Each structure stands twice: as C-alpha cells, then as structure tokens.
Visitor: 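Supplied in structure tokens, the structure appears directly below.
As a basis for the values below, the full set of heavy atoms in this structure was taken, side chains included, without hydrogen atoms, waters or symmetry mates. Owing to the predicted nature of the structure, the values given are computational and were not obtained by experimental measurement.
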Amino acid sequence: MLLHLRVTVPPDRTDDVRDLFERCPGTAHLAVFPGSSLDPPGDLFLVDVARESADALVAGLRRLHVDRDGGITIETVDTAVSARAERAEEEAPGDGSDAVVWEQVVRTTAADSSLSVSYLAFLTIATLLAAVAIVNDSAILVIGAMVLGPEFAPLAGLAVALVHRRRGVARTAAKALVVGFAVAIAVTALVTLVGRGLGWFGPEVLAMERPQTGFITRPDRWSVVVAVLAGIAGVLSLTSAKSGALVGVFISVTTVPAAADMAVALALGGGTEFWRATAQLGINLAGILVAAVATLALQRALWRRVPQVVPRLGATDGARLPV
C-alpha cells in the first residue's frame, strides 16, 4: 500500500529533506526537480512511500516547517508495478492496512464535515426516505435511508477534532450535525403534513403495528451496543483506508430513521413517539461519538508507544530551520 508525496521545499532545506527521504525505510522512486516550483518558490520532490512510513515522514517535514513555507500533497497510489516499490513495502515496519496517516485522517474528516448544500440535501432526502419507510413499514426503504445518510462524516470529524484538539474542526462538525438534523426533521415534518392534508395517511400510522420499523422507537441496551460497535468499525475503516466497511456502519445505525420518526411524530401529533425517537437518536449519536473518540485515542497511544510501527527518523542533522 503506497502513497505518493509531492513536496514543495524551500531551497535552504532541500538537503535536509532529501536526507530525510533517503534515510527513511519504505521510500521509492524519489525524484528531485530543482527550482521547479514557482509559487511557493523552491524545489519539487516526488516520492512514493509505504503507508507505514508516511506519518513519520510528514511529521519530519513539519519539523522542518515545510508545511509552512512550502507544501505537502498526499495521494493514494492504486497500482505500482515496480520491484523497488515492493522492496519499500517490505522494508517499512508493520502492515500498511493497519498504518494510520494522521494528517490525512484529520484533513479528510475536516473536509467531509462541512455544512454544505450537498450534505443537507443527502441528509434531508435520506430522512424523507426513512419517513416513507415508516409510513409503509418497509425495512428495505429503511436500509436505503441508512446507506444514503451522510451523518457519520461529521461524527467522525468531531471525534478526530476532540482527540487532536482541533477546535475549528469540532465547531464545524457539531454545526453540521445540529443544523443538518434540524433542517432534515423540519422539511420531513412539512412533507408529512402535506401527505396528511392530501389524505394519504393520518395519525393512525403511529398506532398501527410496524413489525419492520417498530424498532426505531424502542431504544434499549442493544441500541447502545450497536452504536458503540458502529463507532469503532467506522473509525477503523477511516484510519486503515478500508472505506468499504463504512457501508456496514451506515446500515447498522438508527440515526436517520430516528430523525424521520421524530418528524412523522411531530406532524401527526405523537408526543410519546417523538420522545422515544429522540432517545433513539441521542443514544446512537452519543454511542458512536464516545466509541469513535475512545478508538482514536487508543490508536494514537499505540502509534506513539510501539516503536516498530513508526520509523525512527528523528530530527535531521544540522537542519536549517527558519527563525
């Protein structure tokens, strides 16, 4: 598992950066283009890095203030046909699927946690779809709504922000969660009122038996267990670059269906149903967040304490840092 680094380096730190790359286990295909960068001015480095070594390399580049006076870009390499690349992965300590590139995690979750029009649209559509599922007692539609809902991104962003003490990211993620669910619930409640006015359904929906979707308003200890497991699995899928596991996380949590049930209850006058759905939403959000924070904190502690996971780069000798 390789990552491609494109690094813009001020000329006064070129030798130090080159030494950093050459001494690091797990690097391949190093290329240096003197004076190629115009803005910011400097030398351009291109290098493929084993995922296990990437976090330590980025930390070394930041110690040289390359992120401040130059630039660091990280890209995923889908395929590398090279004996040198294979050797780099063998030399790098640990397993690439277990390695965590913290800077990549922080910036990815921060970008995905913003309150955008597309985020509001997906969350609202997912909540509307879940409301249709509740009215028709359809398990298939509930699953579709769970998969469509984008709420895990700001939850992960909030967890990462809490662990890494990024207040700006935490505020952005919390805003996306609160405003997103408020808008989705309000729009879904209005649409439910329209459906009631057209005579499509009435308050009897709240009293009827719903064997496929009744679990939404029956929060119990299993809701806590599922939320915690989903939070752990979601964080592991993000930090280990196994995004395919996120689909299972989306299907297992009851955040969007609970928000939809809150909206339906508001529109049809079901006070008890509303508070049960609110409890379900709160349990899922809290369980996912607590589990995500604990998992990230444990990963960070292990990453710092297990020497064989992180290459021993250290500070470069005679590094000429700017004053």
Visitor: Taking atom types as modelled, find out whether Ser114 and Ser116 have a side-chain donor-acceptor pair closer than 3.5 angstrom.
Guide: no
Visitor: Rounded to the nearest 0.5 Å, what separates atom CG in Leu2 from atom OG in Ser53?
Guide: 10.0 Å
Visitor: Given the rule that I, L, V, M, F, W and Y join up when any side-chain heavy atoms are under 4.5 Å apart, are Leu128 and Tyr119 in one cluster?
Guide: yes
Visitor: Using the rule given for side-chain contact (heavy atoms from CB on, under 4.5 Å), can you reason through Val17 versus Leu61, listing the C-alpha separation, both sets of side-chain angles and the distance that settles it, and then say yes or no?
Guide: CA-CA 7 Å; Val17 171; Leu61 292 170; 3.9 Å; yes
Visitor: Before giving the answer on side-chain contact (heavy atoms from CB on, under 4.5 Å), spell out for Arg300 and Leu296 the whole-Å C-alpha distance, their side-chain angles and the decisive distance to 0.1 Å.
Guide: CA-CA 6 Å; Arg300 192 181 187 189; Leu296 285 168; over 6 Å; no
Visitor: Of all heavy-atom pairs between Gly157 and Ala173, which one has the smallest distance, and what is that distance?
Guide: C-CB, 4.1 Å
Visitor: Is any side-chain heavy atom of Ile232 less than 4.5 Å from a side-chain heavy atom of Leu236?
Guide: yes
Visitor: Is there a chain of hydrophobic side chains (I, L, V, M, F, W, Y, each step under 4.5 Å between heavy atoms) that links Leu120 to Leu123?
Guide: yes
Visitor: Counting heavy atoms not belonging to Glu209, are there more than 12 under 6.0 Å from its CD?
Guide: no
Visitor: How close do Thr8 and Ser37 get, counting heavy atoms only, and between which atoms?
Guide: CG2-OG, 3.1 Å
Visitor: Could you give the distance from OG1 (Thr255) to CD1 (Ile283), rounded to the nearest 0.5 Å?
Guide: 13.0 Å
Visitor: In Å, rounded to the nearest 0.5 Å, how long is the span from CD1 of Ile216 to CG of Leu281?
Guide: 11.5 Å
Visitor: Could you walk me through whether Val142 and Gln212 pass side-chain contact (heavy atoms from CB on, under 4.5 Å), step by step?
Guide: CA-CA 9 Å; Val142 168; Gln212 301 297 321; over 6 Å; no
Visitor: Would a hydrophobic clustering, with Ile, Leu, Val, Met, Phe, Trp and Tyr connected at side-chain separations under 4.5 Å, put Val132 with Leu266?
Guide: no
Visitor: About how many Å separate CG of Asp43 and CG of Asp15, when rounded to the nearest 0.5 Å?
Guide: 9.0 Å
Visitor: Is Arg84 reaching over with its side chain to a backbone N or O of Thr27, donor-acceptor style, under 3.5 angstrom?
Guide: yes
Visitor: How far apart are the closest heavy atoms of Glu273 and Thr217, and which atoms are they?
Guide: OE2-CG2, 3.6 Å
Visitor: Tell me, do Leu30 and Glu22 make a side-chain contact under 4.5 Å, heavy atoms counted?
Guide: yes
Visitor: Look at the side-chain heavy atoms of Ile, Leu, Val, Met, Phe, Trp and Tyr, link any pair under 4.5 Å apart, and say whether Val58 and Val7 land in one connected group.
Guide: yes
Visitor: Strictly by ring pair (Phe, Tyr, Trp, His ring centres under 6.0 Å), give each pair with a member in residues 5-34 just once, sequence neighbours left out.
Guide: Phe21-Phe45
Visitor: Could you tell me whether the side chain of Leu3 reaches within less than 4.5 Å of the side chain of Val77, counting heavy atoms only?
Guide: no
Visitor: Measuring only between side-chain heavy atoms, which start at C-beta, is Val32 closer than 4.5 Å to Leu44?
Guide: no
Visitor: Starting at CD1 of Ile125, measure out to OG1 of Thr127 and round the result to the nearest 0.5 Å.
Guide: 10.0 Å
Visitor: What residue among Asp261, Asp137, Asn136 forms side chain to side chain donor-acceptor pair (under 3.5 Å) with Arg210?
Guide: Asp261
Visitor: Take atom CZ in Arg6; do more than 12 heavy atoms of anything else shown fall under 6.0 Å from it?
Guide: no
Visitor: What heavy-atom pair brings Phe152 and Gly234 nearest, and what distance separates the two atoms?
Guide: CZ-CA, 3.3 Å
Visitor: Thr172 versus Leu115: any side-chain heavy-atom pair under 4.5 Å?
Guide: no
Visitor: Just so I know, are the side chains of Val47 and Leu57 near enough to count as touching, which here means a heavy-atom distance under 4.5 Å?
Guide: no
Visitor: Below 4.5 Å, heavy atoms only, C-beta onward: do Asp69 and Arg13 meet side chain to side chain?
Guide: yes
Visitor: Looking only at heavy atoms, which two atoms of Ala145 and Ala126 are closest? And how far apart?
Guide: CB-O, 3.3 Å
Visitor: Mind running side-chain contact (heavy atoms from CB on, under 4.5 Å) on Val264 and Leu206 for me, showing each step along the way?
Guide: CA-CA 8 Å; Val264 171; Leu206 301 177; 4.1 Å; yes
Visitor: Mind checking the CD1-CG spacing from Ile140 to Leu129? Nearest 0.5 Å is all I need.
Guide: 11.5 Å
Visitor: State, with a plain yes or no, whether a side-chain heavy atom of Val169 is found less than 4.5 Å away from one of His164.
Guide: no
Visitor: Is there a path of hydrophobic side-chain contacts, each under 4.5 Å between heavy atoms of I/L/V/M/F/W/Y residues, joining Phe274 to Val135?
Guide: no
Visitor: For Pro257 versus Ala130, what's the shortest heavy-atom pair and its separation?
Guide: CA-CB, 3.9 Å
Visitor: Anything under 3.5 Å between a donor and an acceptor, one on a side chain of residues 175-203, the other on a protein residue two or more places apart or in another chain? List them.
Guide:
| from | atom 1 | to | atom 2 | distance (Å) |
| --- | --- | --- | --- | --- |
| Thr188 | OG1 | Ala184 | O | 2.7 |
| Thr192 | OG1 | Thr188 | O | 2.7 |
| Arg196 | NH1 | Ala267 | O | 3.0 |

